[in-house]
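Numbers restart at 1 for each chain; the letters A, B, ... are given by sequence-line order, proteins then strands. Source: prediction; values computed, not measured.
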4 protein chains.
Amino acid sequence: MRVKRKDTKKRILESALKLFSEKGIRETTIKDIAKEVGITEGAIYRHFTSKDEIVRGLFGMYSEEFYDRLMLAFEEKTYRDKFYRAVEEFLSFCFENPEAFKYLDLFHYLRAEEVKEFKKLPKDAILKLLEEGRGVIKIRAELALAMFVGTLERVFLFTQAGLLEKYKDIKGEVADLLWKALTSQ
Amino acid sequence: MRVKRKDTKKRILESALKLFSEKGIRETTIKDIAKEVGITEGAIYRHFTSKDEIVRGLFGMYSEEFYDRLMLAFEEKTYRDKFYRAVEEFLSFCFENPEAFKYLDLFHYLRAEEVKEFKKLPKDAILKLLEEGRGVIKIRAELALAMFVGTLERVFLFTQAGLLEKYKDIKGEVADLLWKALTSQ
Amino acid sequence: MRVKRKDTKKRILESALKLFSEKGIRETTIKDIAKEVGITEGAIYRHFTSKDEIVRGLFGMYSEEFYDRLMLAFEEKTYRDKFYRAVEEFLSFCFENPEAFKYLDLFHYLRAEEVKEFKKLPKDAILKLLEEGRGVIKIRAELALAMFVGTLERVFLFTQAGLLEKYKDIKGEVADLLWKALTSQ
Amino acid sequence: MRVKRKDTKKRILESALKLFSEKGIRETTIKDIAKEVGITEGAIYRHFTSKDEIVRGLFGMYSEEFYDRLMLAFEEKTYRDKFYRAVEEFLSFCFENPEAFKYLDLFHYLRAEEVKEFKKLPKDAILKLLEEGRGVIKIRAELALAMFVGTLERVFLFTQAGLLEKYKDIKGEVADLLWKALTSQ
DNA sequence: AATGAATGAGATTTCATTCAT
DNA sequence: AATGAATGAAATCTCATTCAT
């Protein structure tokens, strides 16, 4: 019965994320996670000291990964390219990690106090981009952030929900939309 | 003896909403709600048959109210005025019912299946508005919906979180931003 | 099935004491206590917020009662009578509350830090008595306390264990023994 | 490589004793002991088949050592010297092995049944001494035992707790006290 | 000998719901 | 209508012990 595998810790995180995004954190029990991984409840506690540690571990992990992806935008030369690249990376991350995104989103803004300990928050990457664009971006950075994040978020969620067709170049389409909206006031 | 108390049922809903938006649904116990109202656990069950009934009751109530508010936009004459009125009503509702909004938002789009029974969903009001604007609105209605809803949502949440200053005419500012974004592609 | 009784809280304390002294605190489960009382585990938590609260509650309750009993010695006129009365009350309390005594003893001196919050500790009543006897009692009060408490404790425990016969006037016999020991150096 | 480490079995017993006397038996986990020794849980089971075996092993070991120490009293010539030597050995053992003593004490008299298998119980050495003193000791041996053991026990515990100063000749002081108490009725 | 992941049983605690009053 | 004790199911967590390596 003892299935041997090296990466139990990683598998716990993955299963937890899947279940958290499907059912919510509170609705997901340690037993659920254990069953998904294929181990017993007690075994979870060799890798994490509490359910909360799993939650925070997940948030930190994906938050950082998302942040790093967004920061790739700064590799581009022109500001316009940086902007388009940021949109591209944002949506790519969402579609590649839909569960993580839903989970992050939920956690992110609704429980702001609990997030303070994390250094690399995705929103900070975007804010940096928008502040760098002062002059090109016609409105104050925080309002631009709201439109940028809000729009991409909804695009992703509507696509997931089937409300919006995820056809070929939705990334380019949305990038155009946002670029015009924020630069041509 | 003559003090007219709002009837208990209403007070239960209000207290539940407050606690749900503060701590989440699962984290809020019937005992918490009872204490907030100033009655005991058993008494709750005089008015609702289950905790779930409270949840659905709340969602239906605020969802409908929000929908009705948004539909007021159609009282305006010109399309532009309707659009501006919708933004105005959206943000007014949010700021007047911040708890309800946070709560609704969460429930709304992330758990689409659970929402099917409700006829008057806020998103349908906005969708109707955007479809009526075909011609003026340059992009397909669903994408416009994503930007419209996403932006307003984030404006509200950022304002609540202190990231965005809620100065005098934020409603007008945001309405301008959205109007230009959606009409001038 | 729902047996109606007013004093569930008291019954919980009594059952807990019985089991604690029989099996030890850690070895006694909430389930054990519940079964002994004739209710379910959950019901315990309507009366106490944790197992620890039961433990501290018990200690405080019996500690105070024991203290009050010992303080009755000061009702007597002569010092000798006070001394004899204290011995009498000490042993009476032990034989009337054997479980409490074993439990108290265990808790008392082995986990001194945890006991600080309690004001009326039995040992303080005895210490007061011995200090009042300065002059009559020939040795320093703390050493006298050790002999007084140690002897009575062992007399009780040996009697309980069947090592010592609990015949008619053991209280008088022990009081004589202690009185002579402490006054005639 | 040449550092001769005390063998693991002994180190386990020592660590276990330390933790048992600090936190109690049930409160001490195998993992705690392993960490204290510097090995892992599984390794413990190379040396002991169960936690209970550690417990009984410890009790037997210290009980016997204590017994042997007390029996040294019989090396003395006169009865008075035997008595004084017994007090001396009793307290020496306590102060040298405070953890063992606390642990033994607890176990010793409160759970008499569990102790039956052990042949050399400290109390039997004392009882032997007191019985040999018939004539000199004025009271029945069991009562004398209670005073002897109880007083010494409390002297040790109070000293440990800081209630009693452990100055130069406390052993002689206590021996005098007990000798007079038991012989001059 | 030793490691440390895993098991499995059980302990504490929580809580929606029921029910006698 | 209301109270609040009690139920019962389930959740989190603990830990002695086993076992593959």
Side-chain angles (χ1 to χ4, degrees), chain A residues 1-9 12 26-34 37-54, chain B residues 7-9 26-35 37-55, chain C residues 1-9 11-12 26-34 37-54, chain D residues 7-9 25-35 37-55:
Chain A
M1 271 303 116
R2 298 231 185 143
V3 183
K4 259 286 101 107
R5 280 237 237 151
K6 269 286 152 48
D7 48 0
T8 305
K9 187 158 187 167
I12 292 171
R26 271 306 290 267
E27 287 73 11
T28 301
T29 70
I30 293 287
K31 196 171 205 150
D32 291 336
I33 299 172
V37 177
I39 56 179
T40 58
E41 289 156 273
I44 302 269
Y45 289 89
R46 181 157 286 274
H47 303 279
F48 297 92
T49 62
S50 69
K51 186 179 170 182
D52 199 59
E53 201 184 284
I54 300 178
Chain B
D7 76 300
T8 307
K9 187 158 186 168
R26 278 296 295 266
E27 288 73 9
T28 301
T29 69
I30 291 288
K31 196 168 195 165
D32 291 336
I33 299 172
K35 195 186 290 172
V37 176
I39 57 180
T40 56
E41 297 148 278
I44 301 267
Y45 288 86
R46 279 276 137 203
H47 302 279
F48 296 92
T49 63
S50 71
K51 187 179 171 182
D52 199 57
E53 198 183 288
I54 299 177
V55 170
Chain C
M1 271 298 120
R2 298 229 185 145
V3 183
K4 258 290 100 109
R5 282 237 236 149
K6 268 287 149 52
D7 48 1
T8 304
K9 186 159 188 169
R11 282 159 57 222
I12 291 170
R26 270 305 290 266
E27 288 73 12
T28 301
T29 69
I30 293 286
K31 194 171 206 147
D32 291 336
I33 299 172
V37 176
I39 56 180
T40 58
E41 291 154 273
I44 302 267
Y45 289 88
R46 181 157 286 275
H47 301 280
F48 296 92
T49 61
S50 70
K51 187 177 169 183
D52 198 59
E53 199 184 286
I54 299 179
Chain D
D7 75 301
T8 307
K9 186 158 186 167
I25 296 172
R26 277 299 295 266
E27 287 74 10
T28 301
T29 69
I30 292 289
K31 194 168 198 167
D32 290 337
I33 299 171
K35 194 185 290 172
V37 176
I39 56 179
T40 56
E41 296 148 279
I44 303 266
Y45 288 87
R46 279 276 138 201
H47 302 279
F48 296 93
T49 64
S50 70
K51 186 179 172 183
D52 199 58
E53 199 184 288
I54 299 177
V55 171

Mind calculating the distance between [atom1] ([X]) and [atom2] ([N]) to the nearest angstrom?
{"X": "A/Ile30", "N": "F/dT14", "atom1": "CD1", "atom2": "C1'", "result": "13 Å"}
{"X": "B/Lys51", "N": "E/dT17", "atom1": "NZ", "atom2": "P", "result": "8 Å"}
{"X": "A/Glu27", "N": "F/dT12", "atom1": "CD", "atom2": "P", "result": "11 Å"}
{"X": "B/Glu41", "N": "F/dT7", "atom1": "CD", "atom2": "P", "result": "15 Å"}
{"X": "D/Asp32", "N": "F/dC15", "atom1": "CG", "atom2": "P", "result": "8 Å"}
{"X": "C/Lys9", "N": "F/dA6", "atom1": "NZ", "atom2": "C1'", "result": "16 Å"}
{"X": "B/Glu53", "N": "E/dT17", "atom1": "CD", "atom2": "C1'", "result": "14 Å"}

Inset, instruction - Give a yes/no answer on whether the side chain of D/Lys31 brings an N or O atom under 4.0 Å of OP1 or OP2 in F/dC15. - result: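 For D/Lys31, the contact criterion (side-chain N or O under 4.0 Å from OP1 or OP2 of F/dC15) is not met.
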Inset, instruction - Would you tell me if any nitrogen or oxygen in the side chain of C/Thr29 comes within less than 4.0 Å of OP1 or OP2 on E/dG10? - result: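 Answer no for this pair, as no side-chain N or O of C/Thr29 is under 4.0 Å from OP1 or OP2.
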Legend entry - Partner residues of A/Thr29 under the side chain to side chain donor-acceptor pair (under 3.5 Å) criterion, sequence neighbours left out: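 A/Thr29: side chain to side chain donor-acceptor pair (under 3.5 Å) contacts with A/Asp32.
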Legend entry - Among F/dC13, F/dA5, E/dT17, the nucleotide that comes nearest once only the side chain of A/Ser50 is considered: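 Nearest to the side chain of A/Ser50 among the choices is F/dC13.
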Legend entry - Bracket string, DNA chain F, 5' to 3' - pairs by Watson-Crick or G-U geometry under 3.5 Å, | interstrand: .||||||||||||||||||||
For residues 39-49 of chain A, which side-chain donor-acceptor pairs fall under 3.5 Å, sequence neighbours excluded?
from	atom 1	to	atom 2	distance (Å)
A/Arg46	NH2	D/Glu41	OE1	3.1
A/Thr49	OG1	A/Glu53	OE1	2.7

Inset, instruction - Select from A/Ile39 and D/Arg26 the residue whose nearest nucleotide in DNA chain E is closer to the 5' end of that strand. - result: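 Looking at the nearest nucleotide for each, A/Ile39 comes out on the 5' side.
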Legend entry - For DNA chain F, the residues among residues 42-49 of chain C that have a non-hydrogen atom under 4.0 Å from it: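 Hits under 4.0 Å, by residue number: C/Gly42, C/Ala43, C/Arg46, C/His47.
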Legend entry - Most 5' of C/Thr40 and B/Thr40 on DNA chain F, judged by nearest nucleotide: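 The residue whose closest nucleotide sits nearer the 5' end is B/Thr40.
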